[in-house]
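Structure, as structure tokens:
We count ligands from 1, going down the list as the structure has it; atoms in each ligand are counted the same way.
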Amino acid sequence: MTAAFAAVTHDKVLGLLLGGALGDALGAPFEGRPSVDAADLAAEERAPSRLVHTDDTALTLALAEHLAQRRDAERLDVDALALEFARAWRAEPWRGYGSGTPHVFGLINAGVPWTEASRATFQGQGSYGNGAAMRVAPVALVADSLHHAAELGQRSGEPTHSHKHGQHGAACQAAAAYLALHSDPAHPLDRTRFLQDLARAVRSRPWHEKFDRATELTRNGAGPKHTAHALGNDASALGSVPTALTAFLTHPDDTTQTIRYAIQTGGDADTIAAMAGALAGARNGASTLSRGLISRLEAADQLHHLADQLAGHPRNPTVTSG
Ligand code: F2R
Ligand code: MG
Ligand code: MG
């Protein structure tokens, strides 16, 4: 377990939720661009406009609400969750969803069991996209161990991502969120140990190869373009979750810098920044985020409310004000 274990405070719970939403909304205008100019990103940060979130945050909200409503030992009812995800898509199909997941949601809304619907995409292979990972961070708030976080993450991914890489992506991001949430920002993060802990939670050779490359990149202080080239920046789980981890591990103590780095990897910028932002927000807390940016976030009130509910969750008995 990553050294310097910290109590989970309300500030960290809120940081995880707001950091993810901020990464998503700030990154959204850049999604699909092969590279992102620092001046364009700075202009987006200074603009007075509302920061509109995409499918990443829409489905994170659905999952966080699901977790907040359940105080029983099981915590995750995958049958109910599948319907809740599908309803979130039906309510706002314009939130920038891709192709595979809406197909699954359409089938679920038509009454097809999720076990069948999630296998109906990509010629029966199921999706290895990053959609299960981009929404998963809140499971860390109700998990009682690293392995429990990974297991909850994987299960929350199953209704839409039946391919093992899609599920491993969710397990990896959930485990990373758990480690970040429980890390102590007063002490330097042991990056190598962080990735070694993830390798214990995600037992898959292609993922371990990515963790090894991420270890080298963070050790060498690689920039965002280099990281995108080495690890990927596309909408697959394997081509984006390790990139988001590297953004966080390069700037673990500064959530804004983590998000900027993630967006500047280009490609699937909203999603890489949503995942990286959730990790940095969970470590550093909401109080370190720019108030100006948070006040522009469309979902800020909803996320504050969910943080209040999840910080009072029976799984978080150690929550203190902060
Ligand atoms: N898709 C987008 N953005 C592009 C479209 C924007 C929109 N039309 C607009 O203009 O506003 N963003 C969102 O999708 C990503 C999450 O994807 P998810 O939910 O995993 O979807 P999907 O379609 O299942 O997988 C994503 C892509 O991965 C490739 N892929 C997945 N499984 C595959 C397989 N078995 N074989 C081959 N390819 C596979 C495909 O290219 C999928 O399109 C996030 O970026 C989110 O922001
Ligand atoms: Mg999106
Ligand atoms: Mg995206």
Write down, by chain and number, every protein residue that brings a non-hydrogen atom to less than 4.0 Å from an atom of ligand 1.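 Shell around ligand 1 (4.0 Å, heavy atoms): Glu31, Asp55, Asp56, Gly96, Tyr97, Gly98, Ser99, Gly100, Thr101, Phe122, Gln125, Gly126, Ser127, Tyr128, Gly129, Asn130, Gly131, Met134, His161, Ala235, Asp268, Asp270, Thr271.
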Any carboxylate oxygen within less than 4.0 angstrom of a Lys/Arg side-chain nitrogen, looking at [X] and [Y]?
X: Asp184; Y: Arg283; result: no
X: Glu151; Y: Arg155; result: yes
X: Glu216; Y: Arg213; result: no

Taking the inter-plane angle between the rings of His182 and Phe5 on a 0 to 90° scale, is it parallel (under 30°), tilted (30 to 60°) or perpendicular (over 60°)?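 Parallel: the ring planes of His182 and Phe5 meet at under 30°.
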Indicate the ring-plane relationship of Tyr128 and Phe122, choosing parallel, tilted or perpendicular according to the 30° and 60° boundaries.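 Parallel.
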So, does His208 use its side chain to make a donor-acceptor pair with the main chain of Val202 at under 3.5 Å?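 It does hold such a pair.
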I need the full list of salt bridge (Lys or Arg N to Asp or Glu O under 4.0 Å) pairs touching residues 222-239, with sequence neighbours left out, sorted by first then second residue.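 Found none.
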What pairs meet the salt bridge (Lys or Arg N to Asp or Glu O under 4.0 Å) rule with one or both residues in residues 25-52, with sequence neighbours excluded?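 Of all non-adjacent pairs touching residues 25-52, those that pass salt bridge (Lys or Arg N to Asp or Glu O under 4.0 Å) are Arg33-Asp40, Glu45-Arg260.
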Polar protein atoms near the Mg ion (ligand 3) [N, O or S; cut-off under 2.8 Å]: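 Sorted hits: Glu31 OE2, Asp268 OD1, Asp270 OD1, Thr271 OG1.
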For Phe248, does the six-membered ring have the charged nitrogen or CZ of Arg191 within the cation-pi criterion, i.e. under 6.0 angstrom from the centroid and within 45° of the normal?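 Pair Arg191/Phe248 does not count as cation-pi.
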